[in-house]
Amino acid sequence: VLLLIIAIALGVSLSRRGNEFKNTFMQRCEKFEGYNCTEIWDAFQKAYVDRDQCDVPPEAYDSLIEAAPLETSCNRMMFWSKTKDVAQDLAAKGDCFLTVERTLLGSVLDGLTWCGKRGSDETLTTGCPEWNECVKNPVRSFWNRVSAAFGDAACGDVTAMLNASIPTPFDPKSIFASIEVKRFKSSKVKKLDIVLVTEMNSVTNCTNKSLQDLQNILTECLYCSSDPNKSCGSCW
Ligand code: APR
């Protein structure tokens with residue numbers, strides 16, 4: 001009997017956490033006008049419920065992105081890498097910059113953890129895989145997918161805030177380098193401004209090798225693809 005009571009209490013507490021998660025999702029979503037948040041929640045859940053926690057690929061969120069397409073805002077889009085706090089602070093002040101965390105989907109899921117499990121339609125918020133535990137975990141795949149959409153949407157003059165207190169501000173393994181930059185369209189992105197932010201000590205400057213790599217990628221690949229006479233095969 002005691003075991004049964006403990007099991008029921010645990011079940012109630014877990015489903016309450018799932019409800020809390022849904023409430024947070026809905027409250028954050030409803031701050032954006034003109035969207036059907038119930039539809040967005042349904043599309044979101046479909047990506048990961050009743051699935052193995054390490055087998056949710058980024059494409060599982062395709063219908064979510066369709067249900068809530070990313071807002072575009074030419075000349076205001078701000079990308080960042082290893083500078084989350086300062087980039088978010090700047091985006092929160094005034095209307096100069098739009099980070100993915102200020103779009104509907106980014107803001108709704110910023111800072112949250114979720115996953116499902118096989119044989120259940122629940123949303124769990126504890127016991128979910130860590131970021132590096134497996135590549136196809138629900139949270140990591142969401143950020144990869146939404147970042148791809150944000151990269152696709154980039155237009156006009158684009159800004160990226162990178163960290164000058166680390167040796168490789170443009171880290172090939174980062175989402176910014178491995179996903180977002182690759183989705184920039186030469187027909188839409190006019191220019192990329194890099195803002196280097198120094199935390200305590202600056203270990204690098206604009207002559208950094210990784211920033212030169214970034215410049216080469218943009219000139220070789222982004223602009224190459226706008227010239228039909230060039231072969232761009234070796235870019236990515
Ligand atoms: N463990 C936990 N979380 C991680 C880890 C990790 N090892 N690596 C990345 N993350 C998550 C964190 O939430 C972190 O704040 O990804 C976020 C960004 O990681 P960074 O390495 O700082 O930067 P990057 O990989 O380039 O991603 C940032 O992607 O979110 C978009 O548009 C946004 O341009 C931005 C870029």
Side-chain angles (χ1 to χ4, degrees), residues 21 24 28 44 53-54 56 58 61 64-65 68-92 96-115 125-185 188-189 191-200 203-204 208 210-211 213-214 217-218 222 236:
F21 180 91
T24 307
R28 289 181 180 184
F44 168 65
Q53 297 177 349
C54 282
V56 177
Y61 291 100
L64 174 65
I65 304 281
L70 258 73
E71 305 91 295
T72 42
S73 189
C74 293
N75 306 318
R76 287 175 59 228
M77 291 175 73
M78 155 94 81
F79 295 81
W80 55 271
S81 200
K82 314 281 186 301
T83 52
K84 184 172 184 186
D85 292 345
V86 61
Q88 300 314 326
D89 282 354
L90 194 61
C96 299
F97 295 110
L98 176 72
T99 56
V100 74
E101 290 77 13
R102 295 182 73 78
T103 63
L104 185 146
L105 290 178
S107 86
V108 161
L109 292 160
D110 194 18
L112 302 184
T113 301
W114 66 91
C115 61
T125 54
T126 52
C128 298
E130 295 290 326
W131 186 270
N132 280 325
E133 205 170 314
C134 49
V135 176
K136 289 193 213 162
N137 75 62
V139 175
R140 185 165 171 168
S141 288
F142 166 76
W143 287 107
N144 284 346
R145 182 62 189 87
V146 79
S147 301
F150 199 59
D152 283 337
C155 56
D157 288 352
V158 171
T159 308
M161 195 174 266
L162 304 182
N163 193 329
S165 299
I166 54 175
T168 313
F170 180 65
D171 174 4
K173 291 189 299 301
S174 66
I175 295 179
F176 174 60
S178 68
I179 297 178
E180 293 176 323
V181 166
K182 293 182 179 178
R183 309 286 288 234
F184 287 179
K185 307 280 178 295
K188 293 201 302 180
V189 175
K191 182 170 78 149
L192 174 67
D193 287 326
I194 299 296
V195 177
L196 273 185
V197 183
T198 302
E199 282 171 349
M200 298 289 264
V203 303
T204 192
N208 179 277
S210 78
L211 297 180
D213 293 343
L214 171 57
I217 286 172
L218 291 175
L222 195 58
W236 310 122

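Just follow the structure's listing: the first ligand is 1, and inside any ligand the first atom is 1.
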Asks: Angle class for the Phe21/Trp114 ring planes (parallel below 30°, perpendicular above 60°, tilted otherwise)?
Replies: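 Tilted, since the angle between the ring planes falls between 30° and 60°.
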
Asks: Treating Ser141 as the side-chain partner and Val56 as the backbone partner, does any N or O pair qualify as donor plus acceptor under 3.5 Å?
Replies: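 At least one qualifying donor-acceptor pair exists.
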
Asks: So is Phe176 polar-close to ligand 1, meaning N/O to N/O under 3.5 Å?
Replies: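 N/O-N/O distance below 3.5 Å exists for this pair.
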
Asks: With a 3.5 Å distance limit and no angle check, can you tell me whether Lys188 reaches the backbone of Asp152 through a side-chain donor-acceptor pair?
Replies: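 Answer holds: yes.
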
Asks: Can you name the closest pair of heavy atoms from Lys82 and Ser174 and give their distance?
Replies: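 Nearest pair, atom of Lys82 first, then Ser174: NZ-CB, 4.3 Å.
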
Asks: Which heavy-atom pair separates Leu192 from Thr159 by the least distance, and what is that distance?
Replies: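 Residues Leu192 and Thr159, closest heavy atoms: CD1-C, 4.1 Å.
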
Asks: Please list, in number order, the atoms of ligand 1 under 4.0 Å from a heavy atom of Asn132.
Replies: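 Those atoms are 7 (N).
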
Asks: Evaluating non-hydrogen atoms only, which member of Trp80, Trp131, Phe150 is closest to atom 9 (C) of ligand 1?
Replies: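 Comparing heavy atoms across Trp80, Trp131, Phe150, the nearest one to atom 9 (C) of ligand 1 lies in Trp131.
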
Asks: Is atom 29 (O) of ligand 1 close to the protein, meaning a heavy atom under 4.0 Å from it?
Replies: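 When distances to the protein are checked, atom 29 (O) of ligand 1 has a heavy atom within 4.0 Å.
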
Asks: Please check this pair: side chain of Lys185 against backbone of Arg183, looking for a donor-acceptor N/O pair closer than 3.5 Å.
Replies: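 Yes: the side chain of Lys185 pairs with the backbone of Arg183.
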
Asks: Just jot down the ligand 1 atoms closer than 4.0 angstrom to any heavy atom of Ser147, in number order.
Replies: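 Every atom of ligand 1 under 4.0 Å from some heavy atom of Ser147: 29 (O), 30 (O), 31 (C).
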
Asks: What's the shortest heavy-atom distance between Ala177 and Asp171, and which atoms?
Replies: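 Between these two residues, the closest heavy atoms are CB-O, 3.1 Å.
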
Asks: Do any non-hydrogen protein atoms sit less than 4.0 Å from atom 12 (C) of ligand 1?
Replies: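 Given the 4.0 Å limit, the answer for atom 12 (C) of ligand 1 is no, no protein heavy atom qualifies.
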
Asks: Note the single closest protein heavy atom to atom 20 (P) of ligand 1, along with its residue, its atom name and the distance in Å.
Replies: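 Closest protein heavy atom to atom 20 (P) of ligand 1: Lys82 N, 3.8 Å.
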
Asks: Can you name the atoms of ligand 1, numbered from 1 with element, that are less than 4.0 Å from a heavy atom of Phe79?
Replies: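 Listed by number with element, the hits are 34 (O).
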
Asks: Mind listing the closest non-hydrogen atom pair of Val139 and Trp131 along with its distance?
Replies: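 Nearest pair, atom of Val139 first, then Trp131: CG1-CZ3, 4.3 Å.
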
Asks: Can you tell which of Val181, Ile175, Thr103 gets a heavy atom nearest to atom 24 (P) of ligand 1?
Replies: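 Comparing heavy atoms across Val181, Ile175, Thr103, the nearest one to atom 24 (P) of ligand 1 lies in Ile175.
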
Asks: Nearest protein heavy-atom contact for atom 33 (C) of ligand 1: which residue, which atom, what distance?
Replies: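 Checked against all protein heavy atoms, atom 33 (C) of ligand 1 sits closest to Glu180 OE2, 3.3 Å.
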
Asks: Any idea which atoms of ligand 1 are less than 4.0 Å away from a heavy-atom of Ser81?
Replies: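 Reading through ligand 1 atom by atom, the close ones are 22 (O), 23 (O), 24 (P), 26 (O).
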
Asks: Between Tyr61 and Trp143, is there a donor-acceptor pair closer than 3.5 Å when you use the side chain of the first and the backbone of the second?
Replies: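 Pair absent, no side-chain N/O of Tyr61 close to backbone of Trp143.
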
Asks: What do we get for Lys84 next to ligand 1 when only non-hydrogen atoms under 4.0 Å count, side chain, backbone, both or neither?
Replies: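 The answer is the side chain of Lys84.
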
Asks: Within the 4.0 Å heavy-atom shell around Glu101, which atoms of ligand 1 are there?
Replies: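 Listed by number with element, the hits are 30 (O).
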
